[in-house]
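Small disclaimer: the values here were computed from a predicted structure and weren't measured. All ligand and atom numbering here is 1-based and tracks the order in the structure.
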Amino acid sequence: MEQGVADRLNELRAQIRLHAHRYYVLDDPVISDGEYDALFRELLTLEAEHPALITEDSPSHRVGGEALQAFATVAHGSPMLSLENIFSAAEFSAFEEKVQRFLKTEQPLRFITEPKLDGLAVELLYRQGVLIVGSTRGDGLAGENITAQLKTVQSIPLRLQGHDEIAVPEELNVRGEVFLSKKGFHLLNRQRLEDGAAPFANPRNAAAGSIRQLDPRVTAQRPLDFFVYGLGNAEVVPYLSQDEIFHGLARLGFPVNPLIKVCATSQEVEAQYQHLLVIRHTLDYEIDGMVVKVDELSLQQRLGATARAPRWAIAWKFPAIQATTVLEAVEFQVGRTGVVTPVAILKPVEVNGVVVRRATLHNQDEIAKKDLHLFDKVLVQRAGDVIPEIIKSIPEHRNGLEQRIVFPSNCPECGERLVRSEGEAAIRCVNPYCPAQHLQKLIYFAGKKGLDLEGLGKKNVEQLIREGLVRDIPDFFRLDAEKLAGLDGWGDKSARNIIEAIEQRKTMSLAQFIGALGIRHVGEVTAELLAEHFTDLAQLMAADKEKLLQIEGVGEQTAVTLVAYFSDPAIQQMVGQLLQAGFNIQPVLVNTQPLAGRIFLFTGTLAVLSREEAKQMVKALGGQVASSISHRVTDVVAGEKAGSKKKKAEEQGLPIFSEEDFLALLAKVQS
Ligand code: IVH
């Protein structure tokens with residue numbers, strides 16, 4: 001029995017490793033999210049039942065383990081150096097000449113150029129192909145042991161892929177940059193502001209803050225990413241150039257930045273710099289320059305390093321993209337949880353090709369920290385498509401006409417007094433019936449974390465409210481195709497599609513439902529915890545504070561908020577109405593049904609089953625049925641004369657079953 005389990009565990013780990021690499025490193029998945037989740041869940045369940053079989057390189061470490069008391073210190077195998085900075089082509093020529101002088105050559109040098117990622121440097125030590133220790137740069141000689149945290153970064157391999165051509169070295173010391181995507185940064189900051197926490201100033205700080213979490217489970221919630229940029233012990237590999245190192249590392253499973261380029265001349269280096277400067281805004285991660293390295297390893301060795309930096313590499317930094325303008329007004333926006341966010345209205349100014357008119361000011365503390373006044377001259381910065389930011393005011397330009405920014409004492413929408421809780425930076429409107437909050441809640445419910453209706457964005461929800469079709473969440477389930485089709489900008493087809501999509505979303509897991517309500521302090525993770533603990537909505541609604549506090553991961557604030565939320569008669573009424581409207585919250589246990597988590601789409605004509613029968617069978621086995629291709633669909637069954645949907649499914653790489661396959665699947669899962 002144990003052997004059987006061990007074999008299955010090995011098989012699961014190998015599959016998960018392969019699919020994670022395809023998804024996170026190659027960006028080319030071959031199975032659906034649902035299938036991947038099912039493999040992962042099976043791994044976690046089996047390991048929980050057989051803890052003795054957990055291995056160092058198991059993908060289960062990706063979810064984060066026990067919290068640490070403190071970080072231990074790790075000495076680096078060789079020093080982790082810094083780089084000298086330059087800012088111009090002239091300085092680059094000077095660098096090249098210096099290198100040539102040192103090497104006593106006049107030959108042009110071959111360089112390799114790499115985007116300079118703006119994250120934090122880490123060292124990864126692999127023994128016999130398994131990640132053993134990961135550490136921060138620290139003072140260059142020793143850093144902090146962040147192994148458990150780094151294991152949660154999906155694109156860092158926990159085990160190297162052996163490759164026929166290169167045996168995996170006994171010990172490999174890999175260095176690279178951990179970073180947070182721009183998108184991940186925004187999501188994180190939005191959540192922090194909602195929770196009343198101070199926002200991170202930039203993705204780099206956010207990445208550093210996320211890695212230095214003593215509790216790796218917190219790190220696991222942050223969408224960190226990684227690119228490798230070199231080796232700490234290049235002597236163990238048979239390569240002759242930095243370029244070959246990158247190819248070798250990619251084969252071992254490391255993510256290598258696709259913008260790395262070998263340049264035969266300094267003209268090519270310069271052209272690549274200009275290229276990166278232009279495209280940096282299109283990247284989903286921040287780069288603050290380009291690193292240029294002498295490509296040939298033997299030359300790198302001859303050049304060596306000073307105490308601070310190698311002589312064979314240089315960081316050619318981008319100029320800062322900043323401009324000055326005038327802060328003309330401040331607007332106060334009320335969010336879903338009542339947080340009032342100040343937004344700066346700026347005199348329009350062009351920053352690196354884009355006209356900036358607004359910038360978030362986050363909260364009152366940020367305004368004070370940056371010493372901002374109305375009509376101040378301010379320094380604004382834009383980094384990629386990161387939302388423009390005011391860096392600071394420029395007090396030297398003041399003429400005495402500037403005015404203090406006064407935070408309203410009452411909600412700009414409903415007039416309720418605003419409250420700042422102790423220890424929080426956020427100021428909130430605490431009126432549970434505030435129309436502005438309500439609007440945001442409805443937008444949230446229709447959005448990604450709720451009904452996930454692509455056709456029902458902010459503008460449409462606003463329209464439905466204006467037209468009196470939606471006043472509260474249950475109204476989404478009472479929408480009528482005919483009335484919708486008659487609205488400005490809608491047609492029969494879009495109306496029917498939305499109604500159908502809403503109909504499908506009437507079945508949700510408990511965790512999804514809790515998350516969709518958009519309760520303060522209750523994000524996706526907490527929603528999962530609650531759903532696991534209570535298994536049905538009635539129990540959760542009846543739970544008192546003590547019961548809630550028994551759940552690991554639920555703190556005082558969350559417990560108090562939940563009790564207040566569910567004891568509100570208006571909320572109870574709303575939930576009642578949802579259930580009445582046919583809303584079906586799947587108890588957690590349903591997840592063990594064989595097709596749980598899978599969403600089938602049928603297209604073409606089936607020969608044996610009728611379409612209706614096929615759908616019923618999927619539902620009876622815990623699956624769901626979709627009527628159009630979306631990112632939620634996991635399986636497609638194509639019969640005779642399947643047309644555009646099949647094509648679309650193929651393009652998305654979805655698994656496509658014939659009717660025969662489908663019948664075989666049904667037989668298998670029912671046996
Ligand atoms: S090579 C010995 N390559 O920049 C040379 N560094 O300013 C070590 N960085 O600490 C660095 N992208 O954190 C190198 N492609 C890249 C890089 C890169 C970002 C960071 C790294 C380093 C810092 C030096």
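In summary, the aromatic rings of F92 and Y273 are positioned with their centroids too far apart to meet the 6.0 Å limit.
Exactly one residue among L83, V294, L303 makes a side chain to side chain contact (heavy atoms under 4.5 Å, CB included) with P310. That residue is L83.
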Please give the N or O to N or O pairs under 3.5 Å between ligand 1 and the protein, distances rounded to 0.1 Å.
unit_1	atom_1	unit_2	atom_2	d
ligand 1	3 (N)	E114	OE1	3.4
ligand 1	3 (N)	K293	NZ	3.3
ligand 1	4 (O)	K116	NZ	3.1
ligand 1	7 (O)	K116	NZ	3.4
ligand 1	12 (N)	L117	N	3.1
ligand 1	13 (O)	E177	OE1	2.5
ligand 1	13 (O)	E177	OE2	3.4
ligand 1	15 (N)	E114	OE1	2.7
ligand 1	15 (N)	P115	O	3.4

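Look at E177 and R137 and you find no salt bridge, because none of the NZ, NE, NH1 or NH2 atoms lies under 4.0 Å from a carboxylate O. A salt bridge links D295 to R110: one of the charged nitrogens lies within less than 4.0 Å of a carboxylate oxygen.
Around the CD atom of E651, the shell of radius 6.0 Å holds more than 12 heavy atoms that belong to other residues, nucleotides or ligands.
Residue pairs satisfying the salt bridge (charged side-chain N to carboxylate O under 4.0 Å, His left out) criterion with at least one member in residues 95-105, sequence neighbours excluded, are absent.
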